[in-house]
Amino acid sequence: TANPVPASWNSIVIYTSAATFSYCQVKYAIYGIQVLNNNITPSITYSTISNNSNIGIYIYNASPTVDNCTIQYNTLEYGIYMYYQNVAMTGATMTNNTIRYNGDGTDWDSGIYIYFSKDTWNGTQYNMGTTTITGNTVSNNNRNGIAINMYGNGYTGLNNYASVTVSNNTISNNNMYGARFYLNGYSTGYYSRMIVSFNNNNISGHTVSGAVGMYSYTSSTDSRSWMYITGTGNTISNNYYGTYQNNSYFSEISITQGTITDSLEYAMYNGYASQVVGATNNWWGYVGGPSSSLYAGNRVSSYVAYEPW
């Protein structure tokens with residue numbers, strides 16, 4: 001139409017690995033592009049996906065490459081939404097994209113959102129592969145920059161496991177969380193595992209009250225559920241909280257050899273005594289290292305191992 005608006009049409013749907021989608025503009029749909037067939041590996045490159053009402057790119061059980069795209073102003077939910085459910089995967093690749101101004105502020109609205117889910121009673125464990133998020137600029141999204149959520153249910157034992165590489169991204173000025181990681185097992189006996197490599201990212205500008213540069217949370221009641229986050233070389237600056245570990249019962253988190261400065265509240269906060277966060281060899285903006293005082297370097301909470309700095 002002469003004056004299109006979001007939701008003027010439905011979507012472009014990709015069902016085959018043979019699809020190559022390049023140098024295109026996709027605007028004013030409900031879902032800009034949907035990639036819907038199990039384990040297909042199409043490519044979406046050098047395209048602009050914007051002003052769609054719900055989601056820019058929706059990926060269901062597929063492993064596309066999205067490279068050098070601009071994904072913006074998708075108003076209600078997500079720039080990119082990857083939903084992996086009850087299937088073994090190789091993992092998607094998201095590189096060198098600009099992802100900004102997506103979502104309307106609902107809890108999981110994000111520039112990039114990944115949901116790993118196992119919810120069928122078939123007695124199968126699923127390896128959901130390695131998803132790679134590298135070299136992107138993720139900014140000004142209306143809740144989360146990058147959010148990753150894993151849920152396991154339906155099998156007594158290990159339900160699903162996956163790896164995620166988040167590296168060399170610039171993540172800035174999102175409404176609440178720069179990077180957010182969540183792991184949930186349905187109840188005792190149902191558990192999941194996620195490994196996150198989090199390296200050389202620049203995270204800044206999450207400054208509203210309670211906002212966090214990097215946030216992690218686990219809610220499983222089974223001690224075999226684990227979320228491993230290891231990171232080196234990150235610059236986490238000018239956030240309300242630099243990093244925040246919230247009641248992460250079964251997590252191992254190590255953020256080392258980086259820079260964590262200019263936090264408005266805590267540079268690093270750990271809310272759970274049984275799991276110490278590793279934070280050695282970081283620069284805290286002060287030659288004396290971090291402190292429990294708000295005004296002496298960047299302060300850290302209890303249960304943070306920050307020596308040496």
Side-chain angles (χ1 to χ4, degrees), residues 5-8 10-11 26-36 44 48-62 64 66 69-85 92 94 97-117 131 133 136-151 162 164 166 169-184 194 196 198 201 203-219 227 239-241 243-244 246:
V5 296
S8 292
N10 194 346
S11 181
V26 182
K27 296 183 176 182
Y28 306 115
I30 298 173
Y31 302 96
I33 300 174
Q34 298 186 79
V35 186
L36 296 182
I44 303 169
T48 297
I49 298 97
S50 69
N51 299 94
N52 301 290
S53 66
N54 287 41
I55 301 171
I57 300 174
Y58 175 62
I59 298 161
Y60 181 72
N61 286 350
V66 181
C69 291
T70 298
I71 303 163
Q72 61 186 7
Y73 300 111
N74 299 289
T75 53
L76 293 181
E77 297 180 282
Y78 316 99
I80 299 173
Y81 177 20
M82 290 173 267
Y83 184 17
Y84 298 141
Q85 182 184 39
M94 310 285 133
N97 302 289
T98 297
I99 303 169
R100 59 190 180 184
Y101 299 110
N102 298 287
D104 65 357
T106 303
D107 189 24
W108 287 107
D109 284 3
S110 310
I112 298 173
Y113 178 54
I114 306 173
Y115 184 35
F116 298 107
S117 174
T131 297
I133 303 170
N136 303 282
T137 298
V138 184
S139 65
N140 295 289
N141 296 287
N142 197 9
R143 184 64 176 178
N144 310 281
I146 297 170
I148 301 171
N149 183 359
M150 175 173 276
Y151 175 75
V164 182
V166 182
N169 300 286
T170 298
I171 306 169
S172 63
N173 300 305
N174 301 285
N175 178 258
M176 183 56 66
Y177 302 102
R180 181 182 181 188
F181 305 104
Y182 182 88
L183 183 92
N184 178 30
M194 181 164 61
V196 180
F198 193 80
N201 299 287
I203 306 176
S204 65
H206 306 93
T207 56
V208 301
S209 180
V212 186
M214 191 199 82
Y215 178 89
S216 63
Y217 179 77
T218 60
S219 65
M227 177 162 55
N239 301 287
Y240 191 85
Y241 290 95
T243 73
Y244 195 116
N246 185 17

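These numbers come from a predicted model, not from an experiment. The figures that follow rest on heavy atoms only: side chains count, while hydrogens, waters and symmetry mates do not.
Ring geometry for Tyr60 versus Tyr58: interplanar angle under 30°, hence parallel rather than tilted (30 to 60°). Ring geometry for Tyr182 against Trp108 counts as perpendicular: the plane angle is over 60°, on a 0 to 90° scale with 30° as the lower cut.
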Check against side-chain hydrogen bond (donor to acceptor under 3.5 Å, both in side chains), His206 and Asn173:
CA-CA 5 Å; His206 306 93; Asn173 300 305; over 6 Å; no
Could you walk me through whether Tyr215 and Asn246 pass side-chain hydrogen bond (donor to acceptor under 3.5 Å, both in side chains), step by step?
CA-CA 8 Å; Tyr215 178 89; Asn246 185 17; 2.7 Å; yes
Start with the C-alpha distance between Gln34 and Ser11, add both sets of side-chain angles, then the distance that settles side-chain hydrogen bond (donor to acceptor under 3.5 Å, both in side chains), and finish with yes or no.
CA-CA 7 Å; Gln34 298 186 79; Ser11 181; 3.2 Å; yes
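When each of Asn174, Asp107, Asn149 is tested with Arg180 by the rule side chain to side chain donor-acceptor pair (under 3.5 Å), just one qualifies, namely Asp107.
The closest donor-acceptor contact from the side chain of Asn97 to the backbone of Val66 lies under 3.5 Å. Under the 3.5 Å distance criterion, the side-chain polar atoms of Asn102 are matched with a main-chain donor or acceptor of Asn74. Although no hydrogens or angles enter the test, the distance criterion places no donor-acceptor pair under 3.5 Å between the side chain of Asn169 and the main chain of Thr137. Not a single donor-acceptor pair under 3.5 Å links the side chain of Ser204 to the backbone N or O of Ser172. Here the side chain of Asn51 pairs no donor or acceptor atom with the backbone of Pro6 at under 3.5 angstrom.
Residue Tyr115 places its OH atom among more than 12 non-hydrogen atoms of other residues, nucleotides or ligands, all under 6.0 Å distant.
The side-chain heavy atoms of Ile99 and Ile112, taken from C-beta on, include a pair separated by under 4.5 Å. Proximity of Tyr84 to Met82: side-chain heavy atoms (C-beta onward) are separated by under 4.5 Å at one or more points.
In summary, the side chains of Asp104 and Thr106 do present a donor paired with an acceptor at a separation below 3.5 Å, with no hydrogens or angles considered.
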